[in-house]
Every structure is written in C-alpha cells, then in structure tokens.
Number of protein chains: 2
Amino acid sequence: MEPHEPDLTAVPVTAVLAALADDVRLQIVRALAEGGEAACGSFDFGVSKATRSHHLKVLREAGLTRTRAAGTSRLVRLRRDELNRLYPGLLDAVLTSRPPA
Amino acid sequence: MEPHEPDLTAVPVTAVLAALADDVRLQIVRALAEGGEAACGSFDFGVSKATRSHHLKVLREAGLTRTRAAGTSRLVRLRRDELNRLYPGLLDAVLTSRPPA
DNA sequence: GAGCTTGTTCGACCTTTGTCGAACAACGGT
DNA sequence: ACCGTTGTTCGACAAAGGTCGAACAAGCTC
C-alpha cells in the first residue's frame, strides 16, 4: 500500500497550516527537525499509538513528511527542502517559536 | 467592550496557525495584506455577516489583526510588523502561495 | 426619534477532528 | 510455526469549529 505522499504543490496551503496547527503534530515536527529520520514509535507524546498513527498520517498527507518501511518499523522524515522551497520561512518560523511558557 | 487583542507572544503558535488554516480567513488576510486597512463589510467572500464576524474575531484573538471603530464601521488591519518580528517569513510564505488552482 | 447601515451575539445545526481500545497486518527472531 | 514488536485501521465517542438566521447594539442621517 503506497503511503500517499502528495506533491506539495498539490496540497492547499490551508491543509499545510492545519497540519501544523496541532500540539502533538508540532512536537513531532520539532523532533524530526532536530533528530532527522525517526521511527514512529519514538514520538511518545502522551497519546495512544492509534492517535500517533493518525497524526503521522495527517502530516504525511499534508506533504510534510515522507515515510519508508524498515523492518517492522517505519521511518519518518521531514520534507525540509521542498517545504523551504515552496514556503520559505514557514518551517523556521514555526520551529523557532518558544514552547508555550 | 475592548476587542481583546492579545499580545502576540502570548498566543500559542498553534493558535496562529489554526487562524490561518481556513480559506475564508486566508482570503481576509490576503485582502488586508494588499489593501491595508479595510472595513469588515468589504470582505464579502460568500459567507453571511455572522460568519464573517466570527472569522474576524478568530483573527483578532489570534493576534493577527487590530480593529478600531470608525463611525458605524470597524476598520481592520494586519499586524504585519509584529507578525514578521515574531514569525519571520510566516506571513510571506502564506501570502505568496498561489491561490488554489 | 425613526429609519437605515454596520457589526456582534446568540442559539442551533452539522461536519470535522482528536482521542481511545480493540482488532488486524507485517515483520523479525527464536 | 509461534510469539513479540511495530504500525495501521476500524468503529465509537466527545469536543471543537464553521455556518446560518434572527435578535440585538451602536452610530449616522434626515
């Protein structure tokens, strides 16, 4: 089953923004930005694995991440270059924002 | 009644992003970016005035706009400088994105 | 003050979305 | 072949959010 990773230009801006407009997903994106490629299981932010899987799907379908299988795990990584090319400054603006005091 | 225009630093990033993650609101922001200050009524994007008022409230409470009374109207403007200072690149990234084909 | 214009607020409604547990699927190791 | 690990999918549920019409408020003009 292909993981359905759309062309970023085909994703409406509102969908990209909506994908980033969630605390859990933002934490995932931050983790990916810092640590590079990571397995789904490494994002343990106090939600069930069903919920985590859901959030990763949202990020993937918004064109923010790519996923590849690796044994029993799936490795996720940020599509930084494409993102920065299409929305220069967006990622940085979001990532450098202080965590909610 | 004060219109409750929060300090941008007090607004969680997710709230800012969520405010921008809507088609109607994005159109409003684009219009404000192009035309500068404008009356609420000038944003006729196929929604009722109740809905329009709702969206303007969301934008205001997310720290994206300022509103001032002017006779029977209310003039709205983008908080560009603050936005660009706190989230450099965000606004540009969102505004320069092509409209949904 | 009557009436018009401009916005806001108030339910109400319906869709979307975040969350979970449970069931399922794929893979690796023993 | 079996089991454990890792993710995904499937309802189900609750909360959030966009939408509307109607009622209300404030201000201008005649």
Side-chain angles (χ1 to χ4, degrees), chain A residues 1-6 11-29 31-32 35 37-77 100, chain B residues 1-6 11-29 31-32 35 37-77 100:
Chain A
M1 177 206 64
E2 288 95 43
H4 186 219
E5 291 172 352
V11 179
V13 202
T14 48
V16 176
L17 293 170
L20 293 170
D22 178 276
D23 265 309
V24 176
R25 289 196 290 268
L26 206 45
Q27 291 183 73
I28 294 178
V29 170
L32 285 175
E37 208 172 34
C40 301
S42 65
F43 308 115
D44 197 353
F45 297 120
V47 294
S48 73
K49 62 178 179 173
T51 301
R52 185 197 320 152
S53 194
H54 162 70
H55 286 308
L56 288 168
K57 184 181 184 183
V58 172
L59 289 174
R60 189 189 338 121
E61 295 187 344
L64 296 177
T65 59
R66 287 202 188 280
T67 306
R68 65 185 180 96
T72 132
S73 294
R74 277 158 186 266
L75 296 182
V76 184
R77 68 180 188 282
Chain B
M1 177 207 68
E2 287 95 42
H4 185 219
E5 292 173 353
V11 179
V13 201
T14 49
V16 175
L17 293 170
L20 293 170
D22 178 277
D23 265 308
V24 176
R25 289 195 291 266
L26 206 45
Q27 291 183 72
I28 294 177
V29 170
L32 285 175
E37 208 172 34
C40 301
S42 64
F43 310 115
D44 196 353
F45 297 120
V47 293
S48 74
K49 61 178 179 172
T51 301
R52 185 196 321 150
S53 195
H54 163 68
H55 285 308
L56 288 168
K57 184 180 184 182
V58 172
L59 289 173
R60 189 187 339 120
E61 295 187 344
L64 296 177
T65 60
R66 288 202 188 279
T67 306
R68 67 186 178 94
T72 131
S73 294
R74 277 157 187 267
L75 297 182
V76 185
R77 68 181 189 281

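Note that the structure is predicted; figures quoted are calculated from it, not measured. Below, chain A is the first sequence line, B the second, and so on; all start at residue 1.
Within residues 39-46 of chain A, the residues having any heavy atom closer than 4.0 Å to DNA chain D are, in order of number, A:A39, A:C40, A:G41.
Inter-residue side-chain proximity for B:D23 and B:F45 is flagged as unmet; no heavy-atom pair is nearer than 4.5 Å. Using a 4.5 Å heavy-atom cutoff, the side chains of A:L20 and B:V13 are not in contact.
Taking side-chain N and O atoms only, A:T72 has no distance below 4.0 Å to OP1 or OP2 of D:dT6. In terms of phosphate contacts, A:H55 brings no side-chain nitrogen or oxygen within less than 4.0 Å of OP1 or OP2 of C:dT17. B:T51 has a side-chain polar atom (N or O) that falls below the 4.0 Å cut-off from OP1 or OP2 of D:dC20. OP1 or OP2 of C:dG7 sits under 4.0 Å from a side-chain N or O of B:S73.
A side chain to side chain contact (heavy atoms under 4.5 Å, CB included) with A:L56 is found for one member of A:T51, A:V24, A:I28, A:T65 and no other, namely A:I28.
Rounded to an integer number of Å, the gap from A:L59 CG to D:dT8 C1' is 16 Å. For B:D23 and C:dT16, the CG to C1' distance is 15 Å, given to the nearest whole Å. Computed from coordinates, the B:E61 CD to D:dG17 C1' distance equals 14 Å when rounded to whole Å. As rounded to whole Å, 5 Å separates atom P of C:dT8 from atom CZ of B:R74. Atom P of nucleotide D:dG7 and atom CD1 of A:I28 are separated by 12 Å, given to the nearest angstrom. Atom CG in A:L75 sits about 11 Å away from atom P in D:dT8, given to the nearest Å. Atoms CZ (A:R52) and P (D:dT9) sit 15 Å apart, rounded to a whole Å. Per the geometry, CG belonging to A:D22 stands 14 Å off C1' belonging to D:dG17, to the nearest Å.
Closest of all the heavy-atom pairs between A:A19 and A:A62 is CB-CB, 3.6 Å.
Proximity of a side-chain donor or acceptor of B:R74 to a complementary backbone N or O of B:T67 within less than 3.5 Å is not detected. No side-chain donor-acceptor contact under 3.5 Å links B:R77 to the backbone of B:R68.
Counting non-hydrogen atoms under 4.0 angstrom, B:H54 reaches a base of the nucleic acid. Note on B:V47: only backbone sugar-phosphate atoms sit closer than 4.0 angstrom, heavy atoms only; bases stay farther off. Within 4.0 Å (heavy atoms only), A:S53 reaches at least one base atom of the nucleic acid.
Judged by closest nucleotide on DNA chain C, A:V58 is the one of A:V58 and A:G71 placed further toward the 5' end.
With rounding to the nearest 0.5 angstrom, the NE2 atom of A:H54 is 8.5 Å from the NZ atom of A:K57. Here CZ of A:R52 is found 8.5 Å from OG of A:S42. Values are rounded to the nearest 0.5 Å.
Comparing D:dG18, D:dT8, D:dT9 by their closest approach to the side chain of A:K57 singles out D:dT9. The listed nucleotides are C:dG21, D:dT6, C:dG7; the one nearest the side chain of A:K49 is D:dT6. Comparing C:dT8, D:dG18, C:dT6 against the side chain of B:R25 picks out D:dG18 as the nearest. Between C:dG21, D:dG21, D:dT8, one nucleotide has an atom nearer to the side chain of B:A50 than all others, and that is D:dG21.
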